[in-house]
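So that the names make sense, note that chain A is the first sequence line, chain B the second, and so on, each numbered from 1. Treat the numbers as computed from the prediction; the structure is a model and nothing was measured.
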There are 2 protein chains.
Amino acid sequence: MTTIRDVAKKAGVSVATVSRFLNGSGYVSADAAKAVTSAVDELKYELNPVARSLNTKQSNLIGLILPDITNPFFPELARAVEDVALTYGYTVVLCNSDENPEKEKNYLNTLKKKYIAGFIVTSNQLDAPHYANMALPIVALDRAINDKIPTVSSNNREGAAMGTNALLERGCKNILFLRGPNELNPANERYQGFMDAIEASGAKYHVVTCPFHFSESQKITDEFLKAHKEIDGIFASSDVSAAGALKAAVTLGIKVPEQLQIVGFDGIAMGEMLSPGLSTVAQDVYKMGAIATRVLIKRIENQPVDQHFYEVPVQLKLRGTTKGVAE
Amino acid sequence: MTTIRDVAKKAGVSVATVSRFLNGSGYVSADAAKAVTSAVDELKYELNPVARSLNTKQSNLIGLILPDITNPFFPELARAVEDVALTYGYTVVLCNSDENPEKEKNYLNTLKKKYIAGFIVTSNQLDAPHYANMALPIVALDRAINDKIPTVSSNNREGAAMGTNALLERGCKNILFLRGPNELNPANERYQGFMDAIEASGAKYHVVTCPFHFSESQKITDEFLKAHKEIDGIFASSDVSAAGALKAAVTLGIKVPEQLQIVGFDGIAMGEMLSPGLSTVAQDVYKMGAIATRVLIKRIENQPVDQHFYEVPVQLKLRGTTKGVAE
DNA sequence: TGTCGGTGTGTAACCGGTTACACAAAATAT
DNA sequence: ATATTTTGTGTAACCGGTTACACACCGACA
C-alpha cells in the first residue's frame, strides 16, 4: 500500500505539503502541486480514510435509522438516501431500530465511536435524551418534530383532507376512517386532515384506530363492515391498511368501487398491483429521503441550511378503488 | 475522551498490558487483569474502533451489495443480514448496485479502503475480475455460483417443479410459464424446474420471457391471454410477475381461480394482500440472509465453514389463486 | 547449581494520515 | 532601506490503538 510518505518522497516534498495539497488547505506552490499530482497517479496513491478519520474525528459515514426496512414505506426512502449519499461521497449504514429506544441508543453510540458524520432518523423517540445530547448533525424524517432537529415530512394534514374530499366528491355519504396509531405523529396529522374535510362536509363518519398492519386492518374492517352495511367509503391512513380494507371488502363480496370506495395513504408500489388498483394519497418518499440527505450533508459540511422544516407535497393518485377511473 | 493510556496510568500498568487484556492476547496476570477491569469501568473507557482498525486493517463493517433495495425481494434479506450482523457486533453498509459493474467496483474499492471485513453480494457480475481478485471474504446470495465463493440460494429448481405440479394437480391442462430474464441464474433454474414437471406430465404449455416487473408482466400476460383463451394456469417466476398476470386476468374478466389458476415464486408479503391471495412458492428469504451472514462472519473470523453451498428449502403456499383454498 | 521454558510486563515503533509551529523567501508597505 | 505581510515548506508531534522485542522472574529439570 502506498502511503502519503511514498508520495512525498517521489514528489520531493514533505508529507505536510502533500497533505495540504490533497486537502486544499494551506499554501502549496504550483510546482509542488504538479509534482504531487504526478507522484499520486504514478503511484496510484489512494488516501487511507481510516487514518484520516483517526485525527479528523470525522468519517464519511451516514447512519440511517428506521424502524424496519421490511415495512414497504422504507425501502424507497433508503434508496433515496443511499443515492444522494453516494453522489456526495458518503456511505450509508443501515440500522433497523424496531422503534426500540435501547437499540437506537446502541446504534448511536456504536457509530459515534466510528466518528460517523451524521444521522437520518425515523423514530418516535426523537425527544429522548440520547438524541438531545448528541453532538452530531441529525435530520428527522417523517416523524417527530423537534425544534432542535431539522425535519422532512409530507404534507400529511392537507393530504388527508385531499383523500377525504376525493371520497366525498365521488358521492360517499358514510365514511369509515382507519386511523393510525396514536403514537405516530403523521397518523395524528392525517386524522386532523380527515376531520377538517369531513366536518366541513357534514357527512357521516366513523373513526376506528387500526395499526399499519395488513391482517389487523383486514380483520378490523371485516368486522366493521359486517356491523355497518351503510359504509360507502373508507379512507385509510396507510396503504397497507387500505389493502387490508380492500381485501376485507372483496372477501365480503362488496363491490369496489361501485358499493364501496377506498383511498389509502402512502403511494407504495403495491397499490397498483391490487385489483382494483388502490387510489391513494401518494407521498413522494424518494424526494423526502433525498432532501433529508442533502440537508444532513449540508449540516455535516457546515454549510448554511435555509430552512428548518421541509414539507414535501403529496399527490392524489386515483385508481380503481374510486369511481371514475378504469383499472 | 479516555484513551488506553489513561486506563494504563490509572491501573498502574503499561498500555501493552491493557491492550493485551482487552484483546485476550498474550499473558496478563490476575492482578493486572483486576486493576485494568476496574480502571476501565471507573473511567468508562471505550475502545476506539478507528484507531484499532488503523493497525489491524480490519473493521466490523459488512457490505451488503444488492441490485435495488426497492425490489420487494430485498428488504427482508437486508433485515436478516442486519439482525445477524448486529448480534455478532457487525455493522451493515447498504449498497444499491443497480446491477451496474462500475457501481459495484466502486463500492468494493471504497469500502476496502475502510478495511471492511467482508461482503454479502447479490449480483450477476460475480465472475467479473473485481470479485475474483478480492482478498476479502465474500458470500454470494441468491445468484451466481462461483466455485471460489460460498453461495446461499433457494432450491429453485425443485421449487419450480412444486409450483408447476400444484397447477397440474388442480387440473390445469394448458399452462403459461412466465420465464424470468436469461441473465438470472435463479430464473434459469426455475425454468428447469418447470420443464422437469411439465414434461413429465405431458400437459400443454407455453413459455414467455418476462422481466420481474409488474406492468411489463401485466402487459405481456394481457396480450398472451387475449391470443390464447385456452390457458387455464399461469406459473410465474416471481411474485411481482404473478401479480401482473393476476391483474391482467382480473382486468380481462377472467375468473381466478375458477377459469385460470396462478402460482408465483418468492413469497413476498404483497402476495397475501392481493385478491385473491397469491399462491406462491415461498422462499425463506430471511433465512437465506441469516445463513449468508453467519457464513460470512465465520469466514471473517477464520472459523471453519463446513459447506460451500447452502440451499434453503422453499415452501408451497397455497392461497386464493389456486383452487381448493378460500380467500 | 546452571539452564531452560513458561509467565508477565514495559518500551517504543508502527498503522497512515493531519497540523501546530518554526522558519525562510518573496512581496508589499512605510 | 527597513518593517511587515504573505506565501511556501518541512519537522515532528499527534490521533488512539497494537505488537515486536527485550527483559525479568519463576519453577522445573538435569
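- By the 4.0 Å N-to-carboxylate-O rule, B/R79 lies close enough to B/D83 to be salt-bridged with it.
- A donor-acceptor pair under 3.5 Å is absent between the side-chain atoms of A/D41 and the main chain of A/K44, judged by distance alone.
- The existence of a salt bridge linking A/R143 and A/E183 is excluded, since no basic side-chain nitrogen approaches an acidic carboxylate oxygen closer than 4.0 Å.
- Crowding of A/K103 atom NZ: a count of heavy atoms from other residues, nucleotides or ligands under 6.0 Å exceeding 12.
- Within 6.0 Å of OH in B/Y286 there are more than 12 heavy atoms belonging to other residues, nucleotides or ligands.
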In the 5'-to-3' direction, what one-character label does each nucleotide of nucleotides 14-29 of chain C receive under the scheme B = base within less than 4.0 Å of a protein heavy atom, S = sugar-phosphate only, - = no such atom?
-> -BBBSB----------

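- Non-hydrogen atoms lying under 4.0 Å from DNA chain D are contributed by A/S29, A/A32, all within residues 29-36 of chain A.
- Side-chain polar atoms of B/N60 and B/R52 form no donor-acceptor pair below 3.5 angstrom.
- Here B/Y27 reaches the OP1 or OP2 of C/dT7: one of its side-chain N or O atoms lies under 4.0 Å away.
- The side-chain heavy atoms of A/K10 and A/Y45, taken from C-beta on, include no pair separated by under 4.5 Å.
- Summary for the helix from C/dT1-D/dA30 to C/dT30-D/dA1: the axes at its two ends, each from 5 pairs, differ by 50° when rounded to the nearest 10 degrees.
- Looking at A/S123 and A/E104, their side chains do bring a donor and an acceptor atom within 3.5 Å of each other.
- More than 12 heavy atoms of other residues, nucleotides or ligands sit less than 6.0 Å from atom NZ of A/K113.
- Panel note: side chain B/S154, backbone B/N156; no donor-acceptor pair is recorded below 3.5 Å.
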